[in-house]
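Structure record follows, encoded as structure tokens.
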Amino acid sequence: MDKGQKNGHVEGLKTRLHQFLETLDTIEPETADLQEIDQLISLLDDLEEQMEKIKSDK
């Protein structure tokens with residue numbers, strides 16, 4: 001993988017992490033429902049997949 005592609009993947013990862021943090025900030029712990037928690041888990045799964053892809057493409 002060339003440096004430009006890797007930088008693009010890292011930028012995508014940063015964007016997804018930012019989305020995760022924004023979603024996390026909007027959730028009220030006292031009223032969070034299962035759907036919101038599932039959404040967070042899905043975002044974490046996406047982040048993990050992207051990180052693994054970046055690591056394997058070294």
Side-chain angles (χ1 to χ4, degrees):
M1 169 185 297
D2 68 13
K3 196 171 191 168
Q5 277 183 316
K6 188 167 186 167
N7 285 341
H9 289 298
V10 171
E11 287 302 316
L13 185 60
K14 285 180 184 180
T15 300
R16 295 293 290 166
L17 181 57
H18 183 70
Q19 289 173 342
F20 173 78
L21 293 173
E22 283 183 342
T23 303
L24 191 59
D25 282 342
T26 63
I27 292 176
E28 292 294 327
E30 298 83 23
T31 60
D33 63 7
L34 190 56
Q35 183 179 1
E36 290 173 314
I37 293 169
D38 282 344
Q39 181 183 11
L40 289 174
I41 292 171
S42 177
L43 286 170
L44 284 173
D45 288 342
D46 289 346
L47 287 169
E48 183 179 13
E49 286 177 23
Q50 287 181 342
M51 287 188 320
E52 290 300 321
K53 182 172 173 45
I54 290 169
K55 286 188 338 187
S56 69
D57 289 342
K58 285 186 176 182

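Everything quoted here is computed from the prediction, not taken from an experiment.
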### Task
Could you tell me the separation between the CD atom of Q50 and the OG1 atom of T15, rounded to the nearest 0.5 Å?
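Q50 atom CD to T15 atom OG1 measures 8.5 Å (nearest 0.5 Å).
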
### Query
Can you tell me how far the CD atom of Q19 sits from the CD atom of Q39, to the nearest 0.5 Å?
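Here the rounded value is 10.0 Å.
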
### Message
Tell me every residue that passes side chain to side chain donor-acceptor pair (under 3.5 Å) with E36, counting only those two or more places apart in sequence or in another chain.
### Response
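In terms of side chain to side chain donor-acceptor pair (under 3.5 Å), with neighbours along the sequence ignored, E36 is linked to no residue.
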
### Query
Quick one: side chain to side chain donor-acceptor pair (under 3.5 Å) partners of E30, sequence neighbours excluded?
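E30 satisfies side chain to side chain donor-acceptor pair (under 3.5 Å) with no residue once adjacent residues are dropped.
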
### Query
Considering residues at least two apart in sequence or located in another chain, which fulfil the side chain to side chain contact (heavy atoms under 4.5 Å, CB included) criterion with I37?
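Counting only residues at least two positions away or on another chain, I37 forms a side chain to side chain contact (heavy atoms under 4.5 Å, CB included) with I41.
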
#### Entry: Closest non-hydrogen atom pair between L47 and L17, with its separation
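Looking at all heavy atoms of both residues, the shortest contact is CD2-N, 3.5 Å.
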
### Query
So which heavy atom on T26 is nearest to which on T23, and how close?
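Nearest pair, atom of T26 first, then T23: OG1-O, 2.8 Å.
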
### Query
Restricting to pairs with a member in residues 38-50, which pass salt bridge (Lys or Arg N to Asp or Glu O under 4.0 Å), not counting sequence neighbours?
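As it turns out, the salt bridge (Lys or Arg N to Asp or Glu O under 4.0 Å) pairs with a partner in residues 38-50, which skip direct neighbours, are R16-D46.
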
### Task
Taking salt bridge (Lys or Arg N to Asp or Glu O under 4.0 Å) as the test, write out the residues that go with E28, two or more places apart.
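Applying salt bridge (Lys or Arg N to Asp or Glu O under 4.0 Å) to E28 gives none.
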
